[in-house]
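Shown next, in structure tokens, is the structure this report addresses.
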Amino acid sequence: MTSGGDLVHGLGLGTVDRDGAHQAVGLLNALCEAHTIRRLELPVHTMLPVVLRQLLLPVVIDALGPPRTRQEWGERLNRGRFSPDERERLAHYLGPRYGDRFRLFDAERPFAQVAGLQALNGETKTAAQLVPSVASGNNVPLFSALSEADELLLTPGEAVLWLLHAHCWDTASIKTGAVGDPKAKNGKTTGNPTGPLGQLGVIVPTGRTLYETLLLNTPIMPDGLEPGDRPQWAWDERPAHLGCKAPAEAAWSERPATGLLDLLTFQARRIRLIVCETEQGLRVHRAIVSAGDRLAQTPESEPHTAWHHTVKPKKGQPQRRPRRHTSGRAAWQGLGTLLAMTLPVEDDGPYTSLLLRQIGDLRGSGMLSGQYPLGVETSGLEYGTQSAVVENAIGDELPLPVQALLAEDAWLRDVVLECVAQADQAARALDGLNNDLRRACGGDPLPRDKGSRPSAQFLHSLDQTMRRLLAGLRSVDVDDEEILDRAQLAWEKSVQIAADREAGLLLAAAPPRAVVGRTVKKGDKEFVYRSGKAIGVFRKMLAEILPRAAEERRVECEEAAAV
């Protein structure tokens, strides 16, 4: 990126091409050469949806228009790159039309900022308030290398990423009152929600190239964009009757999104970056972060989240609410949500994202191959006290069989969900074994919310096996019953081996008194706990959870006995 902070031609976005070479390119080159870029190189998992939503997708959708039919979407995919005409339109969009609005340090219209923004108390804060992993104010990460007293210097390329990250993920803490904000009181604003993505469990489908990733994240819109829907850099083109406050001014409002472009580039904060000259060049060292627009409600057109559907919601509550990711769980453990292709009718339950449903529709109509190497990246932030601090970051990626996204054909989806359920049930059986051994030793079971459980290590040991299974299932067809049976058997044997290993460790750690055990009286009943009985119950449960592996062992034992 140049010293003037030009996003269009400056060296701003880190990329990795198909040969594994790393390169930093400007926004225009990133789009025009998207077919040669394998992925973006970003500092944290939560940054991918930020760059897609606040930069790449709205530029492409506004400049070229969204696909209106599955056939048009399929034609774009088969082409594999932007056509010469599309590249000219992108160049015009980021040149004569809006190029001057993508300058980070422009004096009159800095990108995604408010020119001349001032705090009511006249103070500025360290740039660390833009970076959740660095100590700032009440947000004090455990392993931060810097304290609030230290100066954080951000390069222009780093600064634009964390600027946009704040618009999407910022905490809900008290914000600096800005001059010109009529809602600021006593030098501050309160009641701020988190950034829009902070209220979601973000799901981003990914392809083989950046071009395909952009297309996979582009909704098909038969009627095109909503009238008056404009991205944040074209806010002055929004009709006055929509009542939108200018994101280039200190004043803000609570409002719904006016359309897809507005939703993707929603300005949840009013920010000004403050720069200084250093021996290494221009650096951002201070910032002002004040209250910005508040999204009245996450619309059901939000493409990057799964939903929790409530059949009978309480009065005043929507029937569908964004579903967040669970901290401490791998993405494959949440496949029940990712693959929830049909809307619950009689009971409450999950409903997958708009984009994954669209991919299933595209496969069903033949626009997308069943063997397409689809990936999914999940991300989220776990907030602490009153959402004013960041306690944990959630990020994962996994391969996903496109065939499992077919709403009308559940054969592969059932196999995948059965494998996930087997891992979960085996984990519960291990925790049950651990609790029975603790009782046999004279102790008590672990409380549900405390202690280190053997299931955590067990599930972690299955992580790579599950990812290999999902990658392998991407090439399985409905007629490959034998391959599917072998895959399920191999999975069950892997679960069996991992569970037996963890059970063996638990038994080895149990003291000799566990062999004798003890009797516990509960009411009129007596329960006997000892290690032999506990392991017997566990193995019986495991045989029921893993029937294919159990049957193979039975056959092998019979054959060995016959010899």
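To the nearest 0.5 Å, atom CD1 of residue Ile37 and atom OG1 of residue Thr15 are 4.5 Å apart. Between atom CZ of residue Arg208 and atom OG1 of residue Thr213 there is a gap of 10.5 Å, rounded to the nearest 0.5 Å. From Leu264, atom CG reaches atom CG of Leu55 across 11.5 Å, with rounding to the nearest 0.5 Å. Rounding to the nearest 0.5 Å gives a distance of 8.0 Å between CZ of Arg530 and OG1 of Thr519. If you take CZ on Arg539 and CG on Asp500, they are separated by 6.5 Å, rounding to the nearest 0.5 Å. We find the OG1-CD distance between Thr218 and Gln358 to be 8.0 Å, quoted to the nearest 0.5 Å.
For Arg38, the side-chain contact (heavy atoms from CB on, under 4.5 Å) partners are Val16, not counting sequence neighbours. Under the side-chain contact (heavy atoms from CB on, under 4.5 Å) criterion, Ile174 pairs with Lys188, Thr190, sequence neighbours left out. Trp162 meets the ring pair (Phe, Tyr, Trp, His ring centres under 6.0 Å) test with His165; sequence neighbours excluded. Looking at residues two or more places apart in sequence or on another chain, you find no salt bridge (charged side-chain N to carboxylate O under 4.0 Å, His left out) involving Arg329. With sequence neighbours excluded, no residue forms a side-chain contact (heavy atoms from CB on, under 4.5 Å) with Thr342. Scanning for side-chain contact (heavy atoms from CB on, under 4.5 Å) contacts around Leu505 gives Glu502, with sequence neighbours left out.
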**Asked** Arg548 and Glu552: salt bridge (Lys or Arg N to Asp or Glu O under 4.0 Å), yes or no, with the steps?
**Response** CA-CA 6 Å; Arg548 298 174 184 84; Glu552 184 178 79; over 6 Å; no

**Asked** Could you walk me through whether Asp170 and Lys175 pass the salt bridge (Lys or Arg N to Asp or Glu O under 4.0 Å) check?
**Response** CA-CA 10 Å; Asp170 193 33; Lys175 301 302 167 188; 2.7 Å; yes

**Message:** Determine whether Asp485 and Glu482 satisfy the following criterion, side chain to side chain contact (heavy atoms under 4.5 Å, CB included), listing intermediate values before the conclusion.
**Reply:** CA-CA 5 Å; Asp485 288 340; Glu482 184 179 350; 5.6 Å; no

**Request:** May I have the step-by-step check of side chain to side chain contact (heavy atoms under 4.5 Å, CB included) for Glu212 and Tyr372, ending in yes or no?
**Result:** CA-CA 11 Å; Glu212 292 184 359; Tyr372 182 82; 2.4 Å; yes

**Request:** Check step by step if salt bridge (Lys or Arg N to Asp or Glu O under 4.0 Å) holds for Arg357 and Asp361.
**Result:** CA-CA 6 Å; Arg357 279 180 273 136; Asp361 291 340; over 6 Å; no

**Message:** Checking His308 against Asp348 for the side chain to side chain contact (heavy atoms under 4.5 Å, CB included) test, could you report, in this order, the C-alpha distance in whole Å, the side-chain angles of both residues, the deciding distance, and whether it holds?
**Reply:** CA-CA 7 Å; His308 179 77; Asp348 300 347; 4.0 Å; yes

**Request:** Walk me through it: do Thr206 and Glu377 pass the test side chain to side chain donor-acceptor pair (under 3.5 Å)?
**Result:** CA-CA 7 Å; Thr206 58; Glu377 288 205 19; 5.3 Å; no

**Steps toward salt bridge (Lys or Arg N to Asp or Glu O under 4.0 Å) verdict (Arg255, Asp293)** = CA-CA 7 Å; Arg255 62 180 181 84; Asp293 293 332; 3.7 Å; yes

**Message:** Evaluate Val520 against Arg439 for side chain to side chain contact (heavy atoms under 4.5 Å, CB included), listing each step before the verdict.
**Reply:** CA-CA 9 Å; Val520 177; Arg439 291 187 183 100; 5.7 Å; no

**Message:** Let's go through Arg269 and Asn192 carefully: what are the C-alpha distance in whole Å and the side-chain angles of both, what is the deciding distance for side chain to side chain donor-acceptor pair (under 3.5 Å) to 0.1 Å, and is it a yes or a no?
**Reply:** CA-CA 10 Å; Arg269 297 291 180 262; Asn192 301 285; 5.1 Å; no

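Using a 4.5 Å cut-off on side-chain heavy atoms (C-beta onward), Arg320 and Leu343 make contact. With contacts defined as side-chain heavy-atom distances shorter than 4.5 Å, the pair Pro256/Leu295 does not qualify. Two residues are said to be in side-chain contact when any heavy atoms from C-beta on lie closer than 4.5 Å; Trp307 and Thr337 fail this criterion. Side-chain contact between Leu405 and Leu400 is present, with heavy atoms from C-beta onward closer than 4.5 Å. Between Leu484 and Trp411, the closest side-chain pair of non-hydrogen atoms falls below 4.5 Å. In this structure the side chain of Leu216 never reaches within 4.5 angstrom of the side chain of Leu355, judged on heavy atoms. Residues Leu161 and Pro43 have side chains in contact (heavy-atom distance under 4.5 Å, counting atoms from C-beta outward). Using a 4.5 Å cut-off on side-chain heavy atoms (C-beta onward), Leu356 and Leu338 make contact.
No donor-acceptor pair under 3.5 Å is formed between the side chain of Arg453 and the backbone N or O of Asn434. Distance alone, capped at 3.5 Å, places no donor-acceptor pair between the Trp491 side chain and the Leu469 backbone. Between the side chain of Glu382 and the main chain of Ser327, no donor-acceptor pair closer than 3.5 Å is present. Without hydrogens or angle criteria, Thr310 side chain to Lys312 main chain gives no donor-acceptor distance under 3.5 Å. Put simply, the side chain of Asn435 gets close to the backbone of Leu446: a donor and an acceptor are under 3.5 Å apart. With Arg413 contributing its side chain and Ala404 its backbone, the two residues share a donor-acceptor pair below 3.5 Å.
Within 6.0 Å of CZ on Arg513 lie no more than 12 heavy atoms contributed by other residues, nucleotides or ligands. Summarising the local packing, CD of Glu408 is surrounded by 12 or fewer heavy atoms from other residues, nucleotides or ligands at distances under 6.0 Å.
Of all the heavy atoms in Leu406 and Arg363, the pair that sits closest is CD2-CG, 3.6 Å. The shortest non-hydrogen separation linking Pro547 to Gln422 is CD-NE2, 4.2 Å. The shortest heavy-atom contact between Leu542 and Gln496 is CD2-NE2, 3.1 Å. Taking all atoms of both residues into account, the shortest heavy-atom contact from His304 to Val204 is CD2-CG2, 4.1 Å. Contact between Thr171 and Ser387 at its shortest, heavy atoms only, is CB-O, 3.5 Å. Nearest heavy-atom pair across Thr305 and Pro322 is OG1-CB, 3.9 Å.
Residues Lys533 and Asp436 are not paired through a salt bridge, judged by the lack of any N-O separation under 4.0 Å between the basic side chain and the carboxylate. With salt bridges taken as basic N to acidic carboxylate O contacts below 4.0 Å, none links Arg553 and Glu556. Salt bridge present: Glu302 and Arg53 bring a charged side-chain N and a carboxylate O closer than 4.0 Å. For Arg428 and Asp424, the salt-bridge test passes: some basic side-chain N is under 4.0 Å from an acidic carboxylate O.
For the 3.5 Å distance criterion, the side chains of Gln54 and Thr265 fail to qualify, holding no donor opposite an acceptor. Under the 3.5 Å distance criterion, with hydrogens and angles disregarded, no donor-acceptor pair is assigned to the side chains of Asp396 and His325. Inspection of the Gln488 and Glu418 side chains reveals an N or O donor paired with an N or O acceptor under 3.5 Å.
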